[in-house]
Amino acid sequence: MEIKVILVEPEYTINLGAIARVMKNFGVKDLILVNPKVSPNNEIARKFAVHAVEILENAQIVETLEEALNGTDLAIGTSGLAGEDYIPERTPINPEEFAKRLFLYDGSVGIVFGRESRGLDNKELKMLDFTVTIPTSQEYPVMNLSHAVGIILYEIYKQRLKLSPPEIKDKLRKSTRDERERAVNLWARFLDVLQYPKDLEKRKFYVLMFKRFLGRGFIYAKEVHSIYGPLRKATEILERCKNDND
Ligand SMILES: C[S@@+](CC[C@H](N)C(=O)[O-])C[C@H]1O[C@@H](n2cnc3c(N)ncnc32)[C@H](O)[C@@H]1O
C-alpha cells in the first residue's frame, strides 16, 4: 500500500514544514500540493521540516484536486466538522477504524487535507470515497492542519507495526477506484433505465449513496466485479422490455 498526503491550497509555511517532518516520522514520503498559496521551498518551511526537507523538495505541485487524485485507488477526505449524518460528504469514520481497514488494502491511497482557513468544501469531499474525522472536544473540534496530519499518520503507523508484510500481501486484492466507479456507473445507468426515482436530484443522490457505500466498505475486487454482471443483465432486460412495449 502506498500513501500520499494531499494538501489542498495550504496557506502557511510553518504547517508545510511541520507536515513534512511528521510524514518522515511515520515513514510517508509522497506529498502532493494542490495550488499551494506558499512555496514548499520557503526558508521557514524548510526550517520547520528539520531533517525532512527532501519531502518538501520532492513535493509534487498540481493545479487541481482531480490531478492530485490521478493514480490513487482510494481517496479519503479529512474534516474537523463531522456534520450531520444526513450530509453524506461529511459522514465520517474515526482514524483508528480507518487505519485498521486501510491495511486490508493494496493500492495507492490519497489522504486529502483542507485549507487552514476553510477546510475542504462539499464539492471536494464529494470527489472522495469517504471522510475521516479525529474525535476532539466539541468545545473546539477543528485542529491545526499539521496536528491532524500527524494523528492520522500515527494511526496508520500503529497498524503497520502490527502487521508483518507477508500477512499484508496474503490479503485479497482490494478494488481500485476505477473498478468501483464502473459499478457506480452501471448502477446509475440501471436507475436511468428504470426511471427511478422520477426526481432526477433524488436519483443522483441514490448514485452518490451507492458510491459512498462501496468506498466505505473497503470492497474486494472480486466483490465489486460480482456486481457488474447482474446490474448489466438487469439493465439489458429492462431495456428489452421497454423496446418490446414501444
Ligand atoms: C484548520 S482545518 C480547517 C478549518 C476550517 N475552518 C474548517 O472549518 O474546515 C484544516 C484541515 O485540517 C484537517 N482537520 C482539522 N481538524 C480535523 C479533525 N478533527 N479531524 C480530521 N481532520 C481535521 C482537515 O483536513 C481540515 O480541512
Side-chain angles (χ1 to χ4, degrees), residues 3-26 28 30-40 42 44-45 48-49 52 55-56 59-69 72 74-102 109-159 212 215-216 218:
I3 292 176
K4 296 174 188 178
V5 170
I6 301 173
L7 306 180
V8 176
E9 302 192 340
E11 294 156 324
Y12 298 115
T13 44
I14 293 182
N15 279 341
L16 280 189
I19 288 168
R21 179 175 181 164
V22 83
M23 283 174 65
K24 192 157 175 181
N25 291 146
F26 295 123
V28 176
D30 293 330
L31 176 63
I32 304 182
L33 306 175
V34 179
N35 188 24
K37 300 301 173 195
V38 285
S39 163
N42 171 294
I44 297 174
F48 277 81
I55 291 186
L56 294 176
Q60 191 190 340
I61 298 186
V62 296
E63 281 180 14
T64 62
L65 181 56
E66 282 96 333
E67 263 181 87
L69 295 179
T72 58
L74 188 72
I76 289 103
T78 53
S79 174
L81 305 172
E84 308 294 335
D85 271 357
Y86 57 82
I87 305 176
E89 294 78 34
R90 291 189 187 272
T91 306
I93 64 172
N94 71 48
E96 193 181 355
E97 192 190 341
F98 159 62
K100 278 185 185 151
R101 294 203 217 163
L102 196 60
V109 179
I111 310 177
V112 184
F113 295 87
R115 307 150 183 88
E116 287 93 335
S117 54
R118 58 183 179 91
L120 295 168
D121 59 34
N122 281 350
K123 193 169 150 241
E124 287 160 341
L125 287 170
K126 232 177 222 167
M127 293 165 63
L128 308 173
D129 292 302
F130 58 87
T131 308
V132 174
T133 291
I134 301 162
T136 46
S137 157
Q138 279 316 295
E139 200 183 331
Y140 190 12
V142 177
M143 300 177 66
N144 165 271
L145 171 62
S146 68
H147 296 178
V149 175
I151 286 178
I152 289 177
L153 296 188
Y154 168 63
E155 288 296 343
I156 295 171
Y157 191 73
K158 279 200 304 190
Q159 296 304 320
R212 303 254 146 233
R216 206 165 22 235
F218 284 76

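This chain uses plain numbering: 1 for the first residue, then up along the sequence. For clarity, every value in this text was computed on a predicted model and none was experimentally measured. Order of listing sets the numbers, starting from 1, for every ligand and every atom in it.
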Quick one: does ligand 1 sit under 4.0 Å from the side chain of Pro135, the backbone, both or neither, non-hydrogen atoms only?
neither
Taking non-hydrogen atoms only, is Val132 closer than 4.0 angstrom to ligand 1 via side chain, backbone, both or neither?
backbone
Please confirm whether [X] comes within less than 3.5 Å of ligand 1 when only nitrogen or oxygen atoms on both sides are compared.
X	answer
Ser79	yes
Thr78	yes
Val112	no

Kindly indicate, with the supporting measurements, whether the criterion side chain to side chain contact (heavy atoms under 4.5 Å, CB included) is fulfilled by Ile111 and Ile156.
CA-CA 11 Å; Ile111 310 177; Ile156 295 171; 3.6 Å; yes
Give a yes or no on this: more than 12 heavy atoms of other residues, nucleotides or ligands lie within 6.0 Å of atom CZ of Phe26.
yes
Residue Arg21 excluded, over 12 heavy atoms near CZ under 6.0 Å:
no
Before accepting this row, confirm whether a basic side-chain N of the pair Arg115/Glu124 lies closer than 4.0 Å to the acidic partner's carboxylate O.
yes
Any salt bridge between Glu97 and Lys100, counting N to O under 4.0 Å?
no
Taking a cutoff of less than 4.0 Å between a non-hydrogen atom of the residue and any ligand atom, is Gly77 in contact with ligand 1?
no
Scanning both residues in full, the closest heavy-atom pair of Val62 with Glu67 reads CB-OE1, 3.7 Å
Of Ile44, Ile14, Leu33, Thr13, the one forming a side chain to side chain contact (heavy atoms under 4.5 Å, CB included) with Val38 is Thr13
Test item: Val34 and Val112 side chains (from C-beta on) under 4.5 Å apart, heavy atoms:
no
Which one of [options] has a non-hydrogen atom at the shortest distance from [atom]?
atom	options	answer
atom 5 (C) of ligand 1	Pro141, Gly119, Ser137	Gly119
atom 27 (O) of ligand 1	Ala148, Gly114, Gly80, Ser117	Gly114
atom 1 (C) of ligand 1	Arg115, Met143, Arg118, Glu11	Met143

Which atoms of ligand 1 have any heavy atom of Thr133 under 4.0 Å away?
20 (N), 21 (C)
Mark up the atoms of ligand 1 that fall under 4.0 Å of a heavy atom belonging to Leu145, in ascending order.
11 (C), 12 (O)
